[in-house]
Amino acid sequence: MNVITGLNEAQIESLVRSKASFEINGLRGNFMAGIKLVETKIESLGMKCRVKSDVKNALVQGGALGAAFGVISAPATLTVATLGIAAGLGHTLATYNPDYEILKDYVNQRLRVIYKK
């Protein structure tokens, strides 16, 4: 998989045009801008994308999430988790058969952009 450090627009556009999968690292402070940039590049080429949280990777590195949720009571944690899952499922259903899937890794501040077709 190709790896990009930071928001290199030309490199991102080139990889999307060639329908490659890639990872963007080093997004501290630019995380949301990175998601928007990748989405825009994909959609400007007439392709569809689905944005999801990389839950598997977050669970593996559960220390950060466990510490965050440990402060909140169990019922509140379950409510937050349920709302997050419902929102994710709604977006997944709305983007049927995407060309790309963008996985957000909040813990490491990186994006995995995976070509699906």
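All of these numbers come straight from a predicted model, not from anything done at the bench. Each residue takes its place number in the sequence, starting with 1.
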Notebook entry, point to check: Within a reach of under 6.0 Å around CE of M32, are more than 12 heavy atoms found that belong to other residues, nucleotides or ligands?
Noted result: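 Result for CE/M32: open.
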Which atom of [X] lies closest to which atom of [Y], heavy atoms considered:
X	Y	value
K36	T40	O-OG1, 2.8 Å
S21	M1	O-CG, 3.8 Å
P98	R50	CD-NH2, 3.2 Å
A20	N2	CB-ND2, 3.9 Å

Checklist line | Hydrophobic cluster identity match, L45 and I35, side-chain contacts under 4.5 Å | finding: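 Result: yes, single cluster for both.
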Margin query: Are I24 and L103 connected into the same hydrophobic cluster when the rule is that any two of I, L, V, M, F, W, Y join if their side-chain heavy atoms are below 4.5 Å apart?
Written below: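 No, L103 does not connect to I24 through the hydrophobic network.
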Residue pair [X] / [Y], side-chain heavy-atom distance below 4.5 Å:
X	Y	result
M47	Y100	yes
I102	I42	yes
F22	V3	no
D105	N108	yes
K117	N97	yes
E39	V51	yes

What distance separates [X] [atom1] from [Y] [atom2], expressed to the nearest 0.5 Å?
X	Y	atom1	atom2	result
I4	R110	CD1	CZ	14.0 Å
K19	K116	NZ	NZ	15.5 Å
K104	L111	NZ	CG	9.0 Å

Check: Can you check whether F31 and Y106 have ring centres sitting under 6.0 Å from each other?
Finding: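 Between Y106 and F31, which both carry aromatic rings, the centre distance is below 6.0 Å.
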Item checked: Ionic contact status for E9 with K41, cut-off 4.0 Å ->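 Salt bridge present between K41 and E9.
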Note to self: Between the side chains of D99 and K48, is the shortest nitrogen-to-carboxylate-oxygen separation below 4.0 Å, so that they form an ion pair?
What the structure shows: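 No, this pair does not count.
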Notebook entry, point to check: For the side chain of S14 and the backbone of A10, is there at least one donor-acceptor N/O pair under 3.5 Å apart?
Noted result: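 Here the side-chain-to-backbone pair does not exist.
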Item checked: Test log, rule salt bridge (Lys or Arg N to Asp or Glu O under 4.0 Å), inputs K52 and E101 -> CA-CA 7 Å; K52 294 172 55 175; E101 191 169 75; 3.7 Å; yes
Item checked: Test log, rule side chain to side chain contact (heavy atoms under 4.5 Å, CB included), inputs V113 and E23 -> CA-CA 6 Å; V113 184; E23 188 173 288; over 6 Å; no
